[in-house]
Amino acid sequence: MIWNPEMETMPRAALRALQLERLRQAVARAMRVPFYQRRFAEAGVGPEDLRDLDDLSRFPFTRKTDLRDHYPFGMLAVPREACVRLHASSGTRGKPTVAAYTRGDIEVWAEVVARSIACAGGRPGDVLHNAYGYGLFTGGLGLHYGAERMGQTVVPASGGFTTRQVELIVDFQAHGLCCTPSYALQIAETMREMGVGRSRLALRYAILGAEPWTEEMRRAIEAELGVDAVDIYGLSEIVGPGVACECAEAKAGAHIFEDHFLAEIVDPDTGEVLPPGAMGELVLTTLTKEAMPLIRYRTGDICSLDAEPCACGRTFARMSRVVGRADDMLIIRGVNVYPSEVEAVLLGAPELSGHYRILLTREGPLDRMTVEVEAAEEFAFRLGTFSEDHPAVRELSARVRRALADRLRVSAELRVLAPRALPRPQGKAVRVVDQRQAPAQGANA
Ligand code: DLL
């Protein structure tokens, strides 16, 4: 089902006209913020310069540091009293970034999340188990309002107490599951331990996001839980989850809700706008946001855009999976490595659980990458007693190490740990632990 066919299937020419009209209004709204007044004056641009959408490229970028510099309320285009909600994302360094919403912003957010749930195959009347964290993080409340808007029965499970979550999923016969992809794997693992088979589940779809994941991980989750697993994308600064979501029909990139968010792809180094299909940094402009309009916000997320027609009938362009962040690309002995490439290799080995951690250390001048993985329960069970020195574990380790070297073009140490040896975060997975001194590299988003 398409939640809002009028918008979601609008011919692209009409969509571009609507975007231009809304963009002019968004720039005018942004100019109520002293920061934007100054920036636009310096660049010599204003709403009157927007004759077509390409004119946006003359406008300056907004960066996360601008939001931090104006912490907490310096980016508001409305009085603080007009905001009905605040969220914040902690990030890995420095002050949190604040997201503020008027009542109208909350309405738009519920609308785009309802569209996302429909993209996944959700329908009014479904039970939706929401295991995204509730709180300052936008995942929990974002999915919650969207599900209520659709007329679903939402279960605000939040993160943690996985055994109890499994019981609720079975007892309430949830049709949909929302959480991070790494937590979906953990739920599947806990179900196996509890002896809960697929026949006891009513699950049809899973709406997974907030962290990068891979096709291999999708296949694993779909097979374990018997669902269509779709990718939902968003960031607090722009709205939260619901900037874009994949459709279950094509599962070929997340449709950006372009009547509310204008997307560009730029070269992360030069800032130059790249042609359709090119891989680069996603830059988003909010078209309807009232409390905190953002013009050309550098998301740091690396992906590409595709505006070709989609099997589902939606005309909104699709963004590819986020292959990493401009700032979490790891440089190991001069070679660029994205954690998602490591994940793709690991999920190709059925003897592994899918949980992993990348440790970076330095030995003299040389970077050293160690990938810690876990044996899958069944594999360990077949061995009897698990030991890293068991011949089958050594053989597995050598095989995966070779596959990593082939794919990454850089060698990595591999440690196969016992099942459940790695920590299980409740929210976003922490994939990278960087213990090299300088230059500092960020952890995963
Ligand atoms: O993670 C919002 C969200 C909640 C999205 C629930 C989807 C589901 P932040 O905490 O502000 O907001 O983190 C935003 O997370 O810039 C990306 O780097 C990353 N991210 C979010 N969704 C995806 C995804 C939420 N589907 C940052 N794939 C973004 C890859 C994602 N990365």
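Nothing here was measured: the structure is a model prediction, and the numbers come from that model. Counting starts at 1 for both ligands and their atoms, in listed order.
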Can you give the donor-acceptor pairs under 3.5 Å from side chains of residues 107-115 to other protein atoms, not counting sequence neighbours?
{"residue": "Glu107", "atom": "OE1", "partner": "Arg149", "partner atom": "NH2", "Å": "2.7"}
{"residue": "Trp109", "atom": "NE1", "partner": "Pro241", "partner atom": "O", "Å": "2.9"}
{"residue": "Glu111", "atom": "OE2", "partner": "Asn4", "partner atom": "ND2", "Å": "3.0"}
{"residue": "Glu111", "atom": "OE2", "partner": "Arg115", "partner atom": "NE", "Å": "2.7"}
{"residue": "Glu111", "atom": "OE2", "partner": "Arg115", "partner atom": "NH2", "Å": "3.1"}
{"residue": "Arg115", "atom": "NH1", "partner": "Asp259", "partner atom": "OD1", "Å": "2.9"}
{"residue": "Arg115", "atom": "NH1", "partner": "Asp259", "partner atom": "OD2", "Å": "3.4"}
{"residue": "Arg115", "atom": "NH2", "partner": "Asp259", "partner atom": "OD2", "Å": "2.8"}

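- Within the structure, the closest approach of Arg321 to ligand 1 does not fall below 4.0 Å when heavy atoms are considered.
- At a 4.0 Å heavy-atom cut-off, ligand 1 touches Val322 through the side chain alone.
- The distance criterion of under 3.5 Å between nitrogen or oxygen atoms is met by Asp301 with respect to ligand 1.
- Considering backbone and side-chain atoms alike, Asp231 places an N or O below 3.5 Å from some N or O of ligand 1.
- Tyr101 carries Lys289 over the face of its six-membered ring, with the cationic atom under 6.0 Å from the centre and within 45° of the normal.
- Side-chain contact annotation: Tyr356 with Glu372, donor-acceptor N/O pair under 3.5 Å absent.
- The pair Arg325-Glu211 fails the salt-bridge criterion, with no side-chain N (NZ, NE, NH1 or NH2) lying under 4.0 Å from an Asp/Glu carboxylate O.
- In summary, Arg424 and Glu189 engage in a salt bridge, as defined by a charged side-chain N under 4.0 Å from a carboxylate O.
- Applying the 4.0 Å criterion to heavy atoms of Gly139 picks out, from ligand 1, the atoms 4 (C), 6 (C).
- Numbered from 1 in the order shown, with element, the atoms of ligand 1 that lie under 4.0 Å from a heavy atom of Phe137 read 1 (O), 4 (C), 10 (O), 25 (C).
- At least one N or O atom of Ala210, backbone or side chain, sits closer than 3.5 Å to an N or O atom of ligand 1.
- Comparing Ser89, Gly234, Gly140 by heavy-atom distance to atom 14 (C) of ligand 1, the nearest is Gly234.
- Between Pro339 and Ile358, some side-chain heavy-atom pair lies under the 4.5 Å cut-off.
- For ligand 1, the atoms closer than 4.0 angstrom to any heavy atom of Thr138 are 2 (C), 12 (O).
- Those atoms of ligand 1 that come under 4.0 Å of a heavy atom in Gly209, given as number and element, are 7 (C), 8 (C), 26 (N).
- Contact annotation: for Leu235 versus ligand 1, heavy atoms closer than 4.0 Å belong to both the backbone and the side chain.
- Between Asp126 and Arg204 there is a salt bridge, since a side-chain N of the basic residue sits under 4.0 Å from a carboxylate O of the acidic one.
- No donor-acceptor contact under 3.5 angstrom links the side chains of Thr370 and Glu413, judged on distance only.
- For ligand 1, the polar-atom distance check finds an N/O of Ile232 within less than 3.5 Å of one of the ligand's N/O atoms.
- Closest heavy-atom approach to atom 31 (C) of ligand 1 among the candidates Glu246, Glu237, Glu211, Arg325: Glu211.
- When the side-chain hydrogen bond (donor to acceptor under 3.5 Å, both in side chains) test is applied to His87, the partners found at least two apart in sequence or on another chain are Arg85.
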